[in-house]
Peer 1: 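One structure is given below, represented as structure tokens, and several questions about it will come after.
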Amino acid sequence: MGFLAGLALLLLGLHLIGEGLSSVKGKRYLLARAFSTPEGLLLSGFLLGLLSGSGTGLSLLALGLLEGGIFFLGQAALLSLAATFGASAWVGVVALAQREVAEALLVLGLPLFLFRGSRSGGLVLLGLGLLFLGFLQMGQGAKAVVPLLNLLGPAPWVLYLVGILLAFFLGTANGVAALALALLPFLGQEGGMALTLGAGVGVSGILFLAALGGRREAWALSAVLFGHRLLLSLPFLLLLGPLGGLGVVGLHLLSHGVYALGFLPLQAFYLRVVQRLFPRPSISPKYLSLEALETPSLAYALVRRELGRVADAVRDMLAKAVRILAQEEGGEAELEALEEKVDRLTREVVLYTAELSTRTRDERAVRFFVAASELEHLGDLVRRVVRQAEKLWAQGLTFSPEGKEDLLEAGRLVLGRLERMAAALATGDKALAEGVLSEEGEVAAFLDRLRRAHLSRLESGRAESRATTLAHLDLLITLEEVSSGVDRLCRLVREL
């Protein structure tokens, strides 16, 4: 138990250090610098890892930048590798662990933590103190795990596999490296180095877990990082004997440095492999043609047809959102593919109409430009509907049966109007657009009745209505905004 308690203290210490360093000034500047060149990204990632103490946290940040379209896959992988390299330096700090130093750090950190202005510094000192105490406690309790180590056998490749599994599930290579240091008297130098080397590969597991949680981009990123680290770690595993002079800390730093630097020449190869393993359906315009720009009347007709595709994708998003609300299961992940289609096609339409406007100076190009932007905004609103409901369900709350039915009725009403607007936009049917616009007053009155019905449920003391009132009203407002966007697009149809 003493060994496991020490491991818990060590992991908590690493977490507190990362929390304390998260507010260090200059990290935003370093991240901005990362966009310049691969070398700049490598240096910035290293410094970010060094300042945060968390390669795992920055790997998840890289995934977020990849999902947002800010980073390409190669950039996200390089940021993750460089940040883990920088964070690996913190393992060297563990070697300084002494009980007197740990106690002094805790005593100094507590008063700093209690004051708002110095709280970050207090977290770092408290984290270091717990890190040292955990490491020392693990060393004292290490004898308890000796039978397990004997069962596994002393073979370095076995400990290498154990390191992969531990880092995969713990989400920290530094924590496993510190564990190897604590067990060094029992594992021997080669055994400790093998365990540490495996941890450097297994830390990619946090991204696999993110992929299993529905984050699609994580599959490719985790595959690249795991495969790259596995490939480059094997020479180290074969040369543990000659490299024994490096020790656990030296090997930890060197291996992660090689992973980061070695990625640059291998990047193109990995990207080709990933494209084969995780092929993505291409999203491209179906109707836009560069040749048609020479004939403006044809080009405008093609833009209209392409906008119809965008409108259909937004309609499909709202249909899925209504289904998710009805079944109370699912989430934003189900809308990602459609939203990506909306975003990419909108971008192509905007660029195409901009070129068309340059050539013709026709006001219609501006109206098509506005229509494309409006459709992209509707897609964002639909995703917000699902996000609001998902957030409510995550808290263990659900709408009252009457409230849920009201929201579904509003969603179906707006969906019907969106479908007719999409048809009017694709075909240029102004009469159909006028029909949708004629309902504007009725829709406003209907949504007002739903708000009054919700108020009545609140006045009657319905517990479910009280617990979900903010989410309920927010969803009604969002659906009303979608309906208003439909009206604006119908007005544009009249002018096209």
Side-chain angles (χ1 to χ4, degrees), residues 64-71 216-217 280-288 299-322 324 331-358 363-388 390 411 414-428 433 436-437 474-475 477-496:
L65 294 172
L66 176 62
E67 291 172 326
I70 300 171
F71 269 12
R216 292 188 307 150
E217 299 290 352
R280 301 184 62 180
S282 60
I283 300 174
S284 58
K286 185 176 181 180
Y287 300 108
L288 302 184
Y300 282 120
L302 295 178
V303 169
R304 184 188 293 278
R305 295 182 72 181
E306 201 65 57
L307 279 176
R309 291 185 69 206
V310 180
D312 286 342
V314 175
R315 177 205 61 201
D316 292 343
M317 287 182 68
L318 185 55
K320 281 196 173 188
V322 171
I324 289 170
E332 287 185 83
E334 294 189 33
L335 303 181
E336 285 180 358
L338 285 169
E339 187 181 34
E340 183 179 5
K341 181 177 181 180
V342 170
D343 291 344
R344 292 198 180 190
L345 292 182
T346 299
R347 179 179 180 274
E348 295 298 330
V349 169
V350 166
L351 294 176
Y352 193 82
T353 52
E355 179 63 26
L356 197 53
S357 176
T358 302
E363 189 65 22
R364 283 184 298 171
V366 177
R367 293 192 179 97
F368 278 123
F369 181 92
V370 173
S373 302
E374 191 72 58
L375 285 169
E376 194 273 336
H377 179 57
L378 288 185
D380 291 341
L381 289 174
V382 173
R383 182 158 186 164
R384 181 179 166 189
V385 168
V386 177
R387 185 185 307 126
Q388 290 163 332
E390 198 173 8
V414 175
L415 177 59
R417 303 187 78 229
L418 178 57
E419 287 176 339
R420 284 178 286 150
M421 178 277 295
L425 180 62
T427 61
V436 176
L437 284 172
D474 205 10
L475 279 170
I477 290 172
T478 305
L479 290 170
E480 186 174 34
E481 289 179 9
V482 174
S483 185
S484 298
V486 169
D487 292 332
R488 289 192 294 271
L489 282 162
C490 285
R491 291 189 182 93
L492 284 170
V493 171
R494 291 191 309 188
E495 299 170 2
L496 291 172

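Since the model is a prediction, treat every value here as computed from it, not as a measurement.
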Peer 1: List the residues meeting salt bridge (Lys or Arg N to Asp or Glu O under 4.0 Å) with Asp487, not counting sequence neighbours, and say none if there are none.
Peer 2: Arg417
Peer 1: Show me the pairs that pass salt bridge (Lys or Arg N to Asp or Glu O under 4.0 Å) and involve residues 372-382, at least two apart or across chains.
Peer 2: Glu374-Arg488
Peer 1: Taking side-chain hydrogen bond (donor to acceptor under 3.5 Å, both in side chains) as the test, write out the residues that go with Arg383, two or more places apart.
Peer 2: Glu332, Glu339
Peer 1: Ignoring hydrogens, what is the shortest heavy-atom contact between Leu479 and Gly411? Give both atom names and the distance.
Peer 2: CD1-N, 3.9 Å
Peer 1: Is the closest side-chain heavy-atom distance between Arg494 and Leu437 below 4.5 Å?
Peer 2: yes
Peer 1: Would a 4.5 Å heavy-atom cut-off, applied to side chains only, mark Leu375 and Met421 as touching?
Peer 2: yes
Peer 1: Nearest 0.5 Å, please: how far is CD in Glu306 from OG1 in Thr353?
Peer 2: 11.5 Å
Peer 1: When rounded to the nearest 0.5 angstrom, what distance separates CD in Glu217 from CD in Glu336?
Peer 2: 8.0 Å
Peer 1: Please enumerate all residues that pass salt bridge (Lys or Arg N to Asp or Glu O under 4.0 Å) together with Asp474, with sequence neighbours excluded.
Peer 2: Arg384
Peer 1: Return the OG to CD distance between Ser357 and Glu363, rounded to the nearest 0.5 Å.
Peer 2: 8.5 Å
Peer 1: Indicate yes or no for a side-chain donor-acceptor contact from Ser484 to the backbone of Glu480 under 3.5 Å, with no hydrogens or angles considered.
Peer 2: yes
Peer 1: For Arg304, what residues pass the salt bridge (Lys or Arg N to Asp or Glu O under 4.0 Å) criterion, not counting sequence neighbours?
Peer 2: none
Peer 1: Show the nearest heavy-atom pair for residues Pro285 and Arg309, with the distance to one decimal.
Peer 2: C-NH1, 3.7 Å
Peer 1: Which pairs, with at least one residue in residues 346-356 and sequence neighbours excluded, count as a salt bridge (Lys or Arg N to Asp or Glu O under 4.0 Å)?
Peer 2: Glu355-Arg359
Peer 1: Using a strict cut-off of less than 4.0 Å between a Lys/Arg side-chain nitrogen and an Asp/Glu carboxylate oxygen, indicate whether Arg387 and Glu390 qualify as a salt bridge.
Peer 2: no
Peer 1: Throw together a table of side-chain donor-acceptor distances under 3.5 angstrom for residues 365-373, partners on residues two or more places apart or in other chains.
Peer 2:
residue : atom : partner : partner atom : Å
Arg367  : NE   : Glu495  : OE1          : 2.9
Ser373  : OG   : Phe369  : O            : 3.1

Peer 1: Please find the pair of heavy atoms, one from Ala422 and one from Asp312, that lie closest to each other, and give the distance.
Peer 2: CB-OD1, 4.0 Å
Peer 1: Can you name the nearest heavy-atom pair linking Ala311 to Leu425, along with the distance?
Peer 2: CB-CD2, 4.3 Å
Peer 1: List for me each residue that meets salt bridge (Lys or Arg N to Asp or Glu O under 4.0 Å) alongside Arg305, sequence neighbours excluded, and say none if there are none.
Peer 2: none
Peer 1: So how far is it from Leu356 CG to Leu351 CG, rounded to the nearest 0.5 Å?
Peer 2: 12.5 Å
Peer 1: What residues form a side-chain contact (heavy atoms from CB on, under 4.5 Å) with Leu302, not counting sequence neighbours?
Peer 2: Tyr287, Ser289, Ala292, Leu298
Peer 1: Can you give me the closest heavy-atom contact between Leu338 and Lys320, atom names plus distance?
Peer 2: CD1-CD, 4.1 Å
Peer 1: Quick one: CG on Leu381 to CD on Glu481, what's the gap to the nearest 0.5 Å?
Peer 2: 5.5 Å
Peer 1: Who passes side-chain contact (heavy atoms from CB on, under 4.5 Å) against Glu419, sequence neighbours left out?
Peer 2: Arg315, Leu415
Peer 1: Specify the closest pair of heavy atoms between Gly485 and Leu378, including all atoms of both residues, with the distance to one decimal.
Peer 2: CA-CD2, 3.9 Å
